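In what follows, a single structure is set out as structure tokens and then discussed.
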Amino acid sequence: MSGVIDPQTGTVSVRAAFANPDGLLTAGGAGNVVLSRTQANAIAIPRTATFEIQDKVFVYRAVDGHAVATQVAVSRLNGGKTYVVESGLQEGDVIITEGVAMLKDGAEI
């Protein structure tokens with residue numbers, strides 16, 4: 001693995017040896033490496049349900065008919081289309097997933 005990260009793309013060069021019985025990759029070819037992981041009892045939310053303020057990620061929870069901005073810690077899945085919530089939400093919390101850009105904290109929903 002190269003120690004140099006391309007600042008434009010966030011990529012790094014890696015050389016790997018692995019079985020290629022069907023010849024899917026040829027010499028000089030390129031591909032994407034997908035690292036999978038399993039996380040039990042996770043809360044997954046769509047990225048569209050979030051908004052960012054100064055590098056902090058928030059969602060709007062529905063509480064007593066009002067939108068309440070709540071900071072969450074997340075990690076990205078599916079190329080950033082989905083987030084796994086590390087903290088900030090609990091099972092049973094109701095969040096707003098569409099029209100987030102038009103809401104304000106405390107807005108009636």
Side-chain angles (χ1 to χ4, degrees):
M1 182 167 155
S2 169
V4 179
I5 299 174
D6 184 330
Q8 300 297 321
T9 63
T11 60
V12 64
S13 295
V14 176
R15 182 178 297 249
F18 54 90
N20 188 22
D22 298 327
L24 295 175
L25 287 177
T26 58
N32 291 326
V33 176
V34 178
L35 303 175
S36 63
R37 69 178 182 160
T38 302
Q39 187 168 344
N41 301 319
I43 298 174
I45 60 172
R47 179 177 180 226
T48 56
T50 67
F51 63 99
E52 293 186 29
I53 298 175
Q54 296 183 349
D55 295 329
K56 295 178 182 167
V57 179
F58 293 84
V59 296
Y60 283 113
R61 290 186 305 122
V63 178
D64 297 327
H66 292 86
V68 177
T70 304
Q71 184 177 346
V72 293
V74 296
S75 57
R76 301 175 199 276
L77 288 177
N78 300 331
K81 294 179 184 175
T82 306
Y83 288 156
V84 171
V85 178
E86 305 290 341
S87 66
L89 291 178
Q90 298 178 6
E91 183 177 346
D93 283 346
V94 176
I95 65 167
I96 299 161
T97 59
E98 293 187 23
V100 172
M102 298 183 289
L103 286 177
K104 293 190 187 278
D105 197 25
E108 189 173 345
I109 53 171

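The structure presented is a predicted model; accordingly, all values stated were derived computationally and were not measured.
- Within the structure, the ring pair (Phe, Tyr, Trp, His ring centres under 6.0 Å) test picks out no pair touching residues 78-109 (sequence neighbours left out).
- Every side-chain contact (heavy atoms from CB on, under 4.5 Å) that Asp22 has, sequence neighbours left out, goes to Leu24.
- The side-chain hydrogen bond (donor to acceptor under 3.5 Å, both in side chains) test applied to Gln71 returns no partner, not counting sequence neighbours.
- Under a cut-off of 6.0 angstrom, the local environment of CZ in Arg61 is crowded, with over 12 non-hydrogen atoms contributed by other residues, nucleotides or ligands.
- Here Ala44 pairs with Thr82 under the side-chain contact (heavy atoms from CB on, under 4.5 Å) rule; sequence neighbours left out.
- With a 6.0 Å radius and a threshold of 12 heavy atoms from other residues, nucleotides or ligands, Asp6 has its CG atom above the threshold.
- Following chains of ILVMFWY side-chain contacts shorter than 4.5 Å, one can reach Ile43 starting from Val59, so the two form part of one hydrophobic cluster.
- The hydrophobic cluster around Val4 extends to none of the other residues, as no ILVMFWY side-chain heavy atom falls under 4.5 Å of it.
- Using a 4.5 Å cut-off between side-chain heavy atoms of Ile, Leu, Val, Met, Phe, Trp and Tyr, Val68 falls into a hydrophobic cluster with Val63.
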Under 3.5 Å, which donor-acceptor pairs do the side chains of residues 87-109 form with other protein atoms, sequence neighbours left out?
from: Asp93; atom 1: OD2; to: Gln90; atom 2: N; distance (Å): 2.8
from: Asp105; atom 1: OD1; to: Ala69; atom 2: N; distance (Å): 2.8

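- Note on Ile45: it clusters hydrophobically with Val57, by side-chain heavy-atom contacts below 4.5 Å among ILVMFWY residues.
- Applying the side-chain hydrogen bond (donor to acceptor under 3.5 Å, both in side chains) test to residues at least two apart or on different chains, none of the pairs has a partner in residues 48-57.
- The stretch residues 26-56 participates, sequence neighbours left out, in these ring pair (Phe, Tyr, Trp, His ring centres under 6.0 Å) pairs: Phe51-Phe58, Phe51-Tyr60.
- Cluster note: Leu25 groups with Phe18 through ILVMFWY side-chain heavy atoms spaced under 4.5 Å, whether in direct contact or through intervening members.
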